[in-house]
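In what follows, a single structure is set out as structure tokens and then discussed.
Remember, predicted model here, so these are calculated numbers, not experimental data.
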Amino acid sequence: MHDDRRITEVRLDRFVRERIIPAVYTRSVPLTLSSWDVPDEPVTVMEALRHDFVPQEPGAAWGKPWGTKWLRLQGDVPESWGTDPDTTVEIVVDLGFTTEIPGFQCEGIAWRPDGTIIKAISPRNQYIPLKLLGSGMAVDFYVEAAANPDVAQGWTFAATPYGDKATAGTAPQYRLGNISIAELNQTVWELQQDIWTLAGLMHELPTEQRRRHEILRALERMMDAMEPDNVAGTASAGRQVLAEVLSRPAYASAHQLVATGHAHIDSAWLWPVRETIRKCARTFSNVVALMDEDPGFVFSCSSAQQLAWMKEFYPELFGRIREKVKAGQFVPVGGMWVESDTNMPGGEAMARQFIEGKSFILDEFGIECREAWLPDSFGYSAALPQIVKAAGSRWFLTQKISWNQINRMPHHTFNWEGIDGTRLFTHFPPVDTYNSELSGRELAHAERNYRDHGRGSTSLVPFGYGDGGGGPTREMLAAAHRASDLEGSPKVRVGSAESFFTQAEEEYTALPVWVGEMYLELHRGTYTSQAQTKRGNRRSEHLLREAELWCASATVRTGGSFVYPAAELKRLWRLVLLQQFHDILPGSSIAWVHQDAERNYSAISAGLEALIAQAAAALLGEGQREFLLNAAPHARDGVPALGAAERVAAGEPVRTAAADDGGYVLDNGVIRAVLDSNGLIASLTDYASGREAIAPGQRGNLLELHRDTPNEWDAWDIDEFYRRNVTASDEAHALRLESEGQSAVVVVERVAGSSPVTQRITLAPGSDSLAITTAVAWQESEKLLKLGFALDVRADRSASETQFGHVFRPTHVNTSWEAAKFEICAHRWIHVAEPGYGVALSNSSTYGHDVTRNIREGDGGTTTIVRLSLLRAPKFPDPAADRGHHELTVTIRPGAGIAEAVEEGYRTNLAPRVVRGANPVEPLFTVPNPALVIEAVKLAEDGSGDVVVRLYESLGQRSTGLLSANFAVRDVYATDLLERPAEAPGVTPSGHGRVTLALRPFQLVTLRFAR
């Protein structure tokens, strides 16, 4: 037989394009349009309907960037329409979409005249069934059209003015398309879905497989049976031809796919938060409308914050969502406030994501999420398994690791083991997308790609258009139904994530194990981009620690006369958690988003400072004595951890001397630093060990400016080749010695590229560390600024703080997995060591680091170079990212172990708070062993007045100690993160408000003390 396969396939493509698609709507009549343009920011529906609408020209250009146009659509359905049972009447609204992409453009939502939502209008979901209008054969409703600009611009990563209203301009972005009443031919539509499913499957089957050719010939016979000039009249005959190949059951061994509806809506990204709120309303209205049509449709919604927005701004829609939750169709998943970044949020903030997320969903819907759901975050902290389990969840899902540049994860279903030994059932959907259309290509890829065949047979497919695409569509559900039992295809079952995890757990018991972090081999620049956002996050986390501690202390110590501000603390926590969304904190959003974030951080700071001041006044009373409020978990200047007392003088003033080359020597009797004439650290020794920390002939405090031009994803990526182009900013333009109280300060002025830099290098009396504050008037473009320290340490690994502990990473590159980690994330500190000696570096708001090593030719020793990534200057999506003034603090502590690194991290991030008053404050809790670190002290979420303390083992070793409550206690017990009773190995209440602790490495414990 001659091979005419390609001829038939091309014929089919044209037949669908020119015959089937135009015949879906058999006839249409235009609607009469009127409109009102919102002057600036969006308004509520009732406010919009109060305005005068003027006649709107069809096909007109509309929509300045970020503008909103309200359209009124009016008309009458012709009397003869809708009488044929094979047809239905719909309204088609094209706002000027391009259907090449499902989102990232204009969007709309339809409203009834009474102010209730109908459904959304999206590029690939442009219809509104007439029956949803509730107005018989008369058409009269409104469309709120949002002119969101195409910031992505085809993902060219070119600089764009659209990310800031101040630069976006006013030129219309879109032109109205077809807006009409149309008659849908249901048989033609069903035939279109038959063809789409069969053709998609056919193209994925091997050419030598019989099934592929059977489908091809069936499609050929379908075209032969139909009359091209009468598609509507012959569509039924076409469907009959295809019925036999559609009815063939799947192979008994076919892979099973649980398809769950999904719409990944970034809580801010290439649009501001205010637009995300509208995107959620559009998508969720589509979802509930689709549920009314298909009771078997199940949708997974992963962000409590987005549901909270619906409750606040769209209460009628929220009520409909609540009903669908009760029906088991609209399923909250994830149990987090937002789909946050997991690399950079601190331990307590990461815990609060689950506390706030799960609590909201429990309170509003009475259900508890059992899975963590983070399909798009940029890597996954090794602390996450313990935090997820401590929140009462048992499963984890992500997809993002499929984006790895170099290495492929060896499993799709496995146990993930965290830093403390907690294991978490984890799944990567092998479909490699969280926006599936359930196409033949995607379903086949999921089956072929699955790495656990023979042990497991089930995987998950999240389907639906996200980010303004409107979510799942009726076409996707049609594809799911057709692929439920279809020869050559995996078996598709529409269901919930929970049903998938339950099934997968039952069938796959001997799971492989992945230990440690799941590092994303991509988007490494997100540890550094938008430094002000990162500074705001770090500062807010520590202010929240202080506010909760002092407010709880004030409530307990004053006998209740100070009222714990629970509602305000919750509000501020939730605002901080929102900023930790995985495109805000990582710095990968448009300028508008980061401007909002900085305003939010300013408001958060003001609010928390006010709470701290009120609590301090209640605690200390009126007086003129100066007290240090020590919120750190370690004693400071003679003040106990978590208490307030008068400071003890640290020691004599720092001794200074001129160095031989024109630099300075700083010496406080604990450490000695020599700065050369360029303000670089030539020598750093601690008197306890007598050992030099700086490698021979090399320097610390070296600023280096790199070319930073990644191949794509500018704000996200640092590519390894950045290292090949570097300029050292090693020349001081000015160097002078100053005093600051009893501290000695060397001020260095230099230039990095075109950016003036002023460094203040400070040694305080009695301090174990040298502090370097770098102020930069950053003017660069596509540059990366690093601050490096060449250390005389043979370190084969580095230790980086993460949530409730630290993670080790090799400094060598023996394997491709290690080579891929050329940029790493650390929280407040990073530590490198050889047996018996180490050096710790802490920071005030920096997360990106790199650690390399080399062997010196002269003495054969090893130089370990630790560098902090201070600033970047990407062009997309914010072309002015990071420009302006920055101030970043780094400390270096020689002769330090892990315990000293932990202490240094808290010291750098909790600035001394000196307050006048009359009386010292006894700490609510004491624990003598510094390995046991108290991370949070607060009152219970339920308003009972119980005191909750959260602590962890910080050194990565077995640690014991006695935790004592210094107030009257009637009961104490361990809880989960939601403060419910839970088992806690190694935790033994011993009476009188005391708890004996024997914790495993990095164990996290939450204790509840009933007063």
Side-chain angles (χ1 to χ4, degrees), residues 1-25 99-102 124 185-228 231-232 234-251 254-255 257 259 431-433 435-449 461 463 465 472-492:
M1 178 182 289
H2 298 295
D3 185 4
D4 65 347
R5 178 172 51 86
R6 281 298 299 146
I7 294 173
T8 305
E9 290 172 354
V10 171
R11 178 190 175 196
L12 177 67
D13 290 343
R14 186 172 184 183
F15 186 77
V16 170
R17 183 175 66 249
E18 296 185 0
R19 308 294 179 174
I20 300 294
I21 293 175
V24 170
Y25 289 106
T99 57
E100 281 73 19
I101 53 175
R124 298 181 186 175
N185 186 298
Q186 192 66 39
T187 302
V188 175
W189 183 88
E190 295 285 358
L191 175 61
Q192 182 186 16
Q193 310 318 308
D194 294 343
I195 296 170
W196 193 78
T197 294
L198 287 171
L201 171 60
M202 176 187 70
H203 285 297
E204 295 303 318
L205 295 173
T207 55
E208 65 272 13
Q209 191 174 109
R210 172 180 169 180
R211 174 67 168 163
R212 174 166 181 152
H213 296 278
E214 288 176 342
I215 295 172
L216 178 70
R217 297 310 164 192
L219 291 167
E220 183 177 54
R221 293 194 301 274
M222 175 269 299
M223 290 185 285
D224 292 342
M226 291 183 64
E227 173 55 55
V231 170
T234 56
S236 180
R239 293 203 72 202
Q240 290 176 12
V241 172
L242 298 180
E244 195 274 333
V245 289
L246 277 169
S247 66
R248 297 269 189 92
Y251 305 129
H255 188 65
L257 295 172
V431 70
D432 285 346
T433 180
N435 300 311
S436 174
E437 299 174 303
L438 301 181
S439 67
R441 179 189 60 79
E442 291 168 332
L443 300 183
H445 177 75
E447 183 168 34
R448 285 194 298 260
N449 190 44
V461 178
F463 70 93
Y465 298 128
T473 65
R474 59 185 177 185
E475 289 78 14
M476 295 174 193
L477 288 176
H481 296 320
R482 285 162 173 77
S484 63
D485 193 12
L486 181 62
E487 183 184 351
S489 170
K491 294 180 180 180
V492 176

Please report the closest heavy-atom contact between [X] and [Y], naming both atoms and the distance.
{"X": "W189", "Y": "A478", "result": "CH2-CB, 3.9 Å"}
{"X": "L438", "Y": "A259", "result": "CD2-CB, 4.2 Å"}
{"X": "V431", "Y": "H445", "result": "O-CD2, 3.5 Å"}
{"X": "V241", "Y": "A218", "result": "CG1-O, 3.5 Å"}

Say whether, by atom type as modelled, one donor and one acceptor occur between the side chain of [X] and the main chain of [Y] under 3.5 angstrom.
{"X": "R124", "Y": "T99", "value": "yes"}
{"X": "H213", "Y": "T207", "value": "yes"}
{"X": "D4", "Y": "I7", "value": "no"}
{"X": "N435", "Y": "Y465", "value": "no"}
{"X": "S484", "Y": "H481", "value": "yes"}
{"X": "S489", "Y": "L486", "value": "no"}

Gap between atom [atom2] of [Y] and atom [atom1] of [X] - 0.5 Å precision:
{"X": "W196", "Y": "L201", "atom1": "CH2", "atom2": "CG", "answer": "11.5 Å"}
{"X": "L198", "Y": "L246", "atom1": "CG", "atom2": "CG", "answer": "4.0 Å"}
{"X": "I195", "Y": "R239", "atom1": "CD1", "atom2": "CZ", "answer": "10.0 Å"}
{"X": "R211", "Y": "E487", "atom1": "CZ", "atom2": "CD", "answer": "4.5 Å"}
{"X": "L12", "Y": "R19", "atom1": "CG", "atom2": "CZ", "answer": "13.5 Å"}
{"X": "H203", "Y": "I215", "atom1": "NE2", "atom2": "CD1", "answer": "10.0 Å"}

Can you tell if the side chain of [X] reaches within under 4.5 Å of the side chain of [Y], non-hydrogen atoms only?
{"X": "L219", "Y": "T8", "answer": "no"}
{"X": "M226", "Y": "L191", "answer": "yes"}
{"X": "N185", "Y": "V24", "answer": "no"}
{"X": "Y25", "Y": "V188", "answer": "no"}
{"X": "E190", "Y": "R482", "answer": "yes"}
{"X": "D485", "Y": "V492", "answer": "no"}

* Asked: Looking at residues at least two apart in the chain, or sitting in another chain, which of them share a side-chain hydrogen bond (donor to acceptor under 3.5 Å, both in side chains) with T187?
  ->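 So T187 forms a side-chain hydrogen bond (donor to acceptor under 3.5 Å, both in side chains) with D86.
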
* To do: Show your working on salt bridge (Lys or Arg N to Asp or Glu O under 4.0 Å) between R212 and E9 and close with a plain yes or no.
  => CA-CA 12 Å; R212 174 166 181 152; E9 290 172 354; 3.2 Å; yes

* Asked: Taking only residues two or more places apart in sequence or in another chain, which ones pass salt bridge (charged side-chain N to carboxylate O under 4.0 Å, His left out) with E475?
  ->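 So E475 forms no salt bridge (charged side-chain N to carboxylate O under 4.0 Å, His left out) with any residue.
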
Mind checking side chain to side chain contact (heavy atoms under 4.5 Å, CB included) for [X] and listing every partner two or more places apart, or none if nothing turns up?
{"X": "R11", "value": "E220, M223, D224"}
{"X": "R17", "value": "D13, R14"}
{"X": "I101", "value": "T98, F104, Q105"}
{"X": "E204", "value": "R441, A444, R448"}

* Asked: Side chains of E227 and T234: do they bring a donor and an acceptor to under 3.5 Å?
  ->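 The answer is no; no qualifying pair exists.
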
* **E442 side chain to S439 side chain, donor-acceptor N/O pair below 3.5 angstrom** =>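 Distance-only check passes for E442 and S439.
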
* Going through the checks in order, is the side-chain contact (heavy atoms from CB on, under 4.5 Å) test met by I21 and Q192? -> CA-CA 7 Å; I21 293 175; Q192 182 186 16; 3.7 Å; yes

